[in-house]
Amino acid sequence: MRFSNLLIPTLKEVPNDATLASHIYLLRGGFIQGVGSGLYNFLPLGKIVLDKVRAVVKEELDAVNAQEVSLGFVTPASMWRESGRFEKYGKELLRFTDRKNNDFVLGPTHEEMMVNMVKQTVKSYKQLPLNLYQINLKFRDEIRPRFGLMRGREFLMKDGYSFHANEDDMRREFALMEETYKRIFTRLGLEFRVVEADSGAIGGSGSKEFMVLANSGEDTIVVCESCEYGANIEAAIRADVTCSEAVPSALFSKVSTPNIKTIDELGEFFKVNPYYIMKSVAMRALYDEGRSEIVLFILRGSDTLEETKACNAIKANELVEVSEADLNELGLVVGFMGAVEQKIDIKIIADNSLQNAVGMICGANEIDYHFVGASSEAMNISSYDDIAAVLEGDVCSCCGGKLTYTKGIEVGHIFQLGTRYSEPLKAEFLDENGKTKPFVMGTYGIGVSRLLAAIIEQHHDEKGCIWTKESSPFDLHIIVSNSKDENQTTYANSIYDELKKSNISVLIDDRKERFGFKMKDCELIGIPNILIIGQKLDDGIVELKERTKEDGVEFKIEAILAEIKNRI
RNA sequence: CGGAGUGUAGCGCAGUCUGGUAGCGCACCUGGUUUGGGACCAGGGGGUCGAAGGUUCGAGUCCUUUCACUCCGACCA
């Protein structure tokens with residue numbers, strides 16, 4: 001393609017709302033254009049990259065017998081009511097009505113639609129297994145869209161769904177998808193890690209996330225230094241936590257703790273390790289149909305509440321803050337909250353690490369008083385669960401190694417769904433004994449547009465993008481140093497034609513601009529291989545440069561074609 | 001949702017405190033010079049100042065309302 005014919009509106013200045021490298025360079029390189037909060041247009045270059053990434057995804061999926069379909073973007077709300085997700089999915093689900101006042105949703109994911117499609121057409125176990133996918137727009141009304149393509153509201157996603165006659169076959173497909181996803185991300189040139197994950201609103205049991213490692217990632221992942229264990233913080237587990245300091249010995253009693261409210265202050269005041277202090281976190285839990293209740297979560301002072309785990313422990317949709325007034329009404333005193341001798345009637349969930357705990361310090365629900373020598377026995381605990389966040393330095397439950405944090409960008413997520421959707425939606429088939437059974441399902445997603453951002457997050461420098469081989473919009477960028485030099489132009493055109501014949505995609509900068517100007521654009525756009533045709537052409541020499549390297553290498557024009565083919 | 005901030009030309013900004021002809025840089029158009037690191041000279045086009053209402057002889061500027069966008073937080077008790 002000729003630069004002069006393409007719409008590539010590169011920007012010299014950084015749009016003021018962009019903070020992340022991928023956002024900045026995708027905008028500045030003329031790949032995308034912002035049109036509203038979390039909404040982007042893809043300009044010609046961006047569209048080419050998107051299509052290339054999409055093609056890699058499709059090739060690998062088709063190679064393992066997945067079949068591409070395309071589902072309607074607008075989904076009747078009735079399907080979402082049947083699955084129970086109309087309420088469950090929360091505010092991210094964009095709902096609207098048509099002129100006849102029927103409810104619809106803009107699909108954030110398409111389990112319901114796909115199950116419906118299969119239910120109408122698949123009746124026998126002989127038609128199974130099936131793996132159907134689509135690569136289509138999704139809409140999620142994010143609380144706070146940010147970082148460009150990383151967390152937009154409208155985005156391109158590959159969502160796949162598999163249907164099986166039994167659990168074993170579903171697990172086989174799950175493993176196959178894991179391998180396929182690894183191939184896809186490897187081909188795209190990404191450094192990533194597969195981690196254990198929480199299933200969230202999608203539901204189901206085992207799920208794994210594919211995390212591209214990048215400091216700008218929004219997810220915290222816990223990895224083991226010694227073994228392969230890796231998990232999203234929302235799902236990470238650890239070996240039992242212990243404390244090297246002895247249990248403080250104290251008889252159960254109420255102690256005056258004037259204005260001592262925080263865990264740190266308490267630790268200081270009593271000279272005990274926070275491990276022996278009980279932290280009480282009150283949250284309002286939201287359920288379906290607007291129901292809500294206040295729940296008290298009890299942890300060791302050395303831990304912090306992991307909200308997703310806490311949410312799962314009580315099967316709530318969401319946890320939100322509670323106002324101080326609401327707490328006071330229940331008899332909970334901010335700064336001195338506790339669950340010992342608790343007379344108030346609310347749900348109290350304690351972390352597993354508190355089972356059989358003794359010698360603890362906790363709030364007395366009275367201003368300026370705490371209890372010492374408290375035990376979990378004395379508390380009116382509804383149930384124990386894993387609700388604490390794994391901390392850096394905790395011990396790996398697999399190998400005893402040390403756990404650390406790293407940041408990741410979630411680009412893929414695969415779930416073992418089981419019959420979570422097929423049962424409520426009555427998607428059934430006849431097995432070999434003629435018995436009716438719900439499909440056993442898996443679901444598999446890839447954030448295709450987010451991948452563009454992830455690639456740039458991992459591959460850029462201070463000058464601009466550096467696309468990987470399979471994601472680059474073109475194989476080669478030709479710079480004609482002086483477009484008014486007839487020699488250069490003639491030669492550039494002839495090599496451009498020859499490369500095209502060899503099926504190498506080329507962007508040729510034929511604009512009547514100065515050399516420096518074109519180089520800046522070239523670096524911003526980030527095609528990995530650059531051919532510079534300059535003054536030395538008169539001596540039969542041109543320069544081949546890699547985007548990642550400072551200097552290029554000179555070649556005689558007789559040798560250049562073979563060299564380019566060799567590199568690409 | 002809570003807090004903070006910003007809306008003025010395609011982009012980045014000044015002007016707002018103290019009301020009085022709409023500005024600057026980049027980009028764009030014309031002509032010329034220049035062509036290995038975002039050139040130069042000359043000329044030119046482009047904005048109902050986010051929207052609505054109000055105060056005033058007069059509002060980008062003051063008041064009220066509203067919309068949009070961005071950032072930070074929503075991990076303490």
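Chain identifiers are assigned alphabetically (A, B, ...) following the order of the sequence lines, protein sequences preceding nucleic acid strands; residue numbering begins at 1 within each chain.
In the set C69(B), G36(B), G12(B), the nucleotide with an atom closest to the side chain of Ser481(A) is G36(B). In the set C75(B), G37(B), G38(B), the nucleotide with an atom closest to the side chain of Glu307(A) is C75(B). Closest to the side chain of Glu543(A), from the set C26(B), G36(B), G37(B), is G36(B). Side-chain atoms of Lys520(A) lie closest to G38(B) of the nucleotides C69(B), C76(B), G38(B). Nearest nucleotide to the side chain of Arg146(A), out of G37(B), C76(B), C71(B): C71(B).
Under the Watson-Crick or G-U wobble criterion, with both distances below 3.5 Å, U21(B) is left unpaired in every strand shown. Judged by Watson-Crick or G-U wobble contacts below 3.5 Å, the nucleotide U16(B) has no partner. Under the Watson-Crick and G-U wobble criteria, each requiring two contacts below 3.5 Å, nucleotide G36(B) is left unpaired. Applying the Watson-Crick and G-U wobble criteria (two distances, each under 3.5 Å), U30(B) pairs with A42(B). Pairing for G7(B) is with C67(B), a Watson-Crick or G-U wobble pair whose two hydrogen-bonding atom distances lie under 3.5 Å. The base-pairing partner of U48(B), taking Watson-Crick or G-U wobble contacts with both distances under 3.5 Å, does not exist among the strands shown. Judged by Watson-Crick or G-U wobble contacts below 3.5 Å, the nucleotide C62(B) has G54(B) as its partner. With a cut-off of 3.5 Å on both Watson-Crick or G-U wobble distances, the partner of A74(B) is given as none.
The separation between Glu513(A) atom CD and G36(B) atom P is 14 Å, rounded to whole Å. What separates CG of Leu286(A) from C1' of A74(B) is a distance of 13 Å, to the nearest Å. Going from atom NE2 of His23(A) over to atom C1' of C69(B) covers 12 Å, rounded to whole Å. When the P atom of G37(B) is taken as reference, atom CG of Asp551(A) falls 14 Å away, rounded to whole Å. Taking atom CG of Asp538(A) as the reference point, atom C1' of U35(B) lies 14 Å away to the nearest angstrom. Ile532(A) places its CD1 atom 14 Å from the C1' atom of U35(B), with the value rounded to the nearest Å. Look at CG on Leu7(A): it is 14 Å from C1' on C28(B), rounded to the nearest Å. Distance, Lys518(A) NZ to G38(B) C1': 13 Å, rounded to whole Å.
As rounded to the nearest Å, G23(B) and G47(B) have C1' atoms that lie 11 Å from one another. The same atom, P, is picked in U55(B) and in G73(B); the two are 44 Å apart, to the nearest Å. Comparing G25(B) with C71(B), their C1' atoms are spaced 26 Å from each other, to the whole Å. Separation of the P atoms belonging to C62(B) and U6(B) is 12 Å when rounded to the nearest angstrom. A distance of about 15 Å separates the P atoms of C63(B) and G20(B), rounded to the whole Å. As rounded to the nearest Å, C28(B) and G54(B) have P atoms that lie 43 Å from one another. Between A59(B) and G44(B), the distance separating the two P atoms is 30 Å to the nearest Å. For the C1' atom pair drawn from C24(B) and U8(B), the interatomic distance equals 12 Å after rounding to whole Å.
For Lys407(A) and Thr220(A), the side-chain atoms include at least one donor-acceptor pair closer than 3.5 Å. Defined by atom type and a distance below 3.5 Å, a donor-acceptor pair is missing between the side-chain atoms of Arg300(A) and Asn273(A). Remark: the His460(A) side chain and the Ser22(A) side chain contain no N/O donor-acceptor pair separated by less than 3.5 Å.
For the pair Arg514(A) and U34(B), the criterion of a side-chain N or O lying under 4.0 Å from OP1 or OP2 is not met. Taking side-chain N and O atoms only, Ser37(A) has a distance below 4.0 Å to OP1 or OP2 of U70(B).
Between the side chain of Lys484(A) and the base of U34(B), at least one donor-acceptor pair of N or O atoms lies under 3.5 Å. On a pure distance criterion of 3.5 Å, a polar donor-acceptor pair joins the side chain of Glu523(A) and the base of G37(B). Between the side chain of Asn482(A) and the base of G36(B) there is no donor-acceptor pair of N/O atoms closer than 3.5 Å. At a cut-off of 3.5 angstrom, counting only N and O atoms as typed in the model, there is a donor on one side and an acceptor on the other between the side-chain of Arg28(A) and the base of G38(B).
Residue Asp521(A) is in base contact, counting any heavy-atom pair closer than 4.0 Å across all strands shown. Across all strands, Ala282(A) comes closer than 4.0 Å to base atoms (heavy-atom distances). Backbone-only engagement by Met283(A) is indicated by non-hydrogen atom pairs under 4.0 Å involving sugar-phosphate atoms exclusively. At the heavy-atom level, Ile479(A) lies nowhere under 4.0 Å from the strands shown.
Ion pairing between a basic and an acidic side chain is recognised when a charged N comes within 4.0 Å of a carboxylate O; Arg153(A) and Glu92(A) show no such pairing. Salt bridge absent: Lys309(A) and Glu306(A) never bring a charged side-chain N and a carboxylate O closer than 4.0 Å. Salt bridge status for Arg151(A) with Glu142(A): present, with a side-chain N to carboxylate O gap under 4.0 Å. Electrostatic pairing of Glu563(A) and Arg567(A) counts as a salt bridge here, judged by a charged N lying under 4.0 Å from a carboxylate O.
In terms of heavy atoms, Phe31(A) sits closest to Val49(A) at CE2-CG2, 4.0 Å.
The aromatic ring of Phe515(A) stacks onto the base of G36(B), its centre lying under 5.5 Å from the centre of the six-membered base ring with the two planes under 30° apart.
Summary of the strand contacts: Lys536(A) and Val320(A) both lie near RNA chain B, and taking for each the nucleotide with the nearest heavy atom, the more 5' one is attributed to Lys536(A).
Sequence neighbours left out, the pairs with a member in residues 509-523 of chain A that pass side chain to side chain donor-acceptor pair (under 3.5 Å) are Ser4(A)-Asp510(A), Thr10(A)-Asp521(A), Ser483(A)-Lys518(A), Asp509(A)-Arg511(A), Arg511(A)-Asp521(A).
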